[in-house]
Amino acid sequence: MKLDEVFDLTLVWGLPQKFEDLQGDFLLIPEMRPYLLGLSLCERLKELNYPHVYVTDNMLGYLFFKGKIKKTLLFYLKKDKEGFECLNGSLYVVRLSRLHKVPVVFLPGKGIPKGLENRDAGGIDETIFVKDRHAIIKPKIERING
Amino acid sequence: MKTPLAYPVRYRNGVIRVLDETRLPFEETYIEVRTLKEALVVLKEMKTRAFGQVLLYFYTCLLMENIEHTARAFKQVRPTFDFYGLAEMLKDAFEKTGQLKAAIEGIVNRFEKMRRQRAKRVAEALPPDAHVLTICHVSGELVYVGEAVQTLGKSVCFYASETRPYLQGTRLTFWELQRAGIPVKLLCDNQAAWLMENGVVNAVITGSDRSNIKGDIINKIGTYALALLAHHHGIPVYALVQRPKEVELTQVKIERRPEQEVFMWLKKRGYLPPALYPAFDLTPARLITKHFDFEEGNEA
């Protein structure tokens, strides 16, 4: 897909509890490393016939810069008085959204599917590039103020 | 030399030997190039890039005994990179030496010396206990920076952002720094904001494929996001640039790589969604704290 063909994208970060939250928008689905949540999310969106396009996480900045994203939907894990607990990488998405004045909508989401919890930057799918686990920054639950 | 990636392309007896970066970190293998066509395949398939593509261009000129035609052919494959600038440089050197091989050797040796000197200047700019976030791969120069930092009695730990989809940060930067015995940690690209917010990193170093006099740079996709986040957190961003030109970078065609490459390194799946793959992005000058040119005195 060409960049010129996409506009008014709704960026999705995290896993939704309710897929109706995604209805009616052209959805931008990032990879969501290290878990690759974006791929399984796209499979579901295809079944639902929701329009979507996929990128790696590091492409988001450029898409914000080009004014391609109109809204961010952030699916959080937990909400409290001070804000939200969110998946690894959420801070990256929220900061980039706010620095480009793109509104962020927080919605209740789901946790990381079983079997994926131990993934990190050292590998992707079954390919392990770095075995020295001490040299890898572990994924975190990230806190975001509301 | 502590890293083969500092000098990934070599020439001997009519054959160019290219370190196949796509096979790293699993194997250190070399591809032999004897024609322009083979050189273009190597370039297109990202077997080498950054300083490697500079060397590949020069040595292909030697094979072809032609500077301009080779530049045009290379530019078609990698429109973001300034091969015409390299052609001008080579023509100037050729006029002085009268021999293409001597002209290339002169340029390459000068580059190597300037990269070492630049690494020293970068090391001087870093704080005494430097924690440096970086993206993609700058052809061995971070190893030089690491060595220069230690010579100055400072300490450094690099944080290599994995750089999807090709994973140059993981496969090249992390690999070469660890192999050289320089402290390094690996992160997913999306963990940069958390590292900055929590005070883990205190500098960012990036390379650049193109730069202009204004100070804007074009570099691997993800560079803009890092620079913007660093600027927001008051973290200095240092860009390694070469020969900035009077050019409007917004007019430079950003290379769009084949869509399927977005899924690189992933196992096969039944459904692969439609994807976007802009391979580079533009970082405006206002987000960069200091530019380190090859030549001291051109820095801003």
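Just so we're on the same page: letters track the sequence lines, and every chain starts at 1. Treat the numbers as computed from the prediction; the structure is a model and nothing was measured.
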remark   = The interface call for A:Leu39 against chain B, heavy-atom contacts under 4.5 Å, is side chain
ask   = Less than 4.5 Å apart, any side-chain heavy atom of B:His233 and any of A:Arg95?
value = yes
request  = Pick whichever of A:Asp132, A:Asp120, A:Ile137 has the most heavy-atom pairs under 4.5 Å with chain B.
outcome  = A:Ile137
inquiry  = Determine whether a donor-acceptor pair (N or O, by modelled atom type, separation under 3.5 Å) exists between the side chain of B:Lys185 and the backbone of A:His134.
reply    = yes
ask   = So, do B:Leu266 and A:Glu31 sit near enough that their side-chain heavy atoms are less than 4.5 Å apart?
value = yes
request  = Sort B:Ile135 into side chain, backbone, both or neither according to what part of it lies under 4.5 angstrom from a heavy atom of chain A.
outcome  = neither
task = Would you mind checking which part of A:Val6 comes under 4.5 Å of any heavy atom in chain B, side chain (CB onward), backbone (N, CA, C, O), both or neither?
result = side chain
key: A:Thr56 side chain near B:Asp189 side chain, heavy-atom distance below 4.5 Å   = no
message = Is any side-chain heavy atom of A:Phe65 closer than 4.5 Å to one of B:Asp281?
response = no
remark   = So, the part of A:Leu60 with a heavy atom under 4.5 Å from chain B: the answer is neither
message = Just verifying a value: how many Å separate B:Thr283 OG1 and A:Tyr62 OH, rounded to the nearest 0.5 Å?
response = 11.0 Å
remark   = With chain A, the option among B:Ala193, B:Ala225, B:Ala275 that has the most non-hydrogen atom pairs under 4.5 Å is B:Ala275
ask   = Taking C-beta and beyond as the side chain, do A:Leu3 and B:Leu276 meet within less than 4.5 Å on heavy atoms?
value = yes
query = Are side-chain heavy atoms of B:Leu229 and A:Leu99 found at a separation under 4.5 Å?
reply = yes
ask   = A:Val130 versus chain B, heavy atoms under 4.5 Å apart: side chain, backbone, both or neither?
value = side chain
key: Contacts of type ring-ring contact (aromatic ring centres under 6.0 Å, His included), residue B:Phe263, not counting sequence neighbours   = A:Tyr54
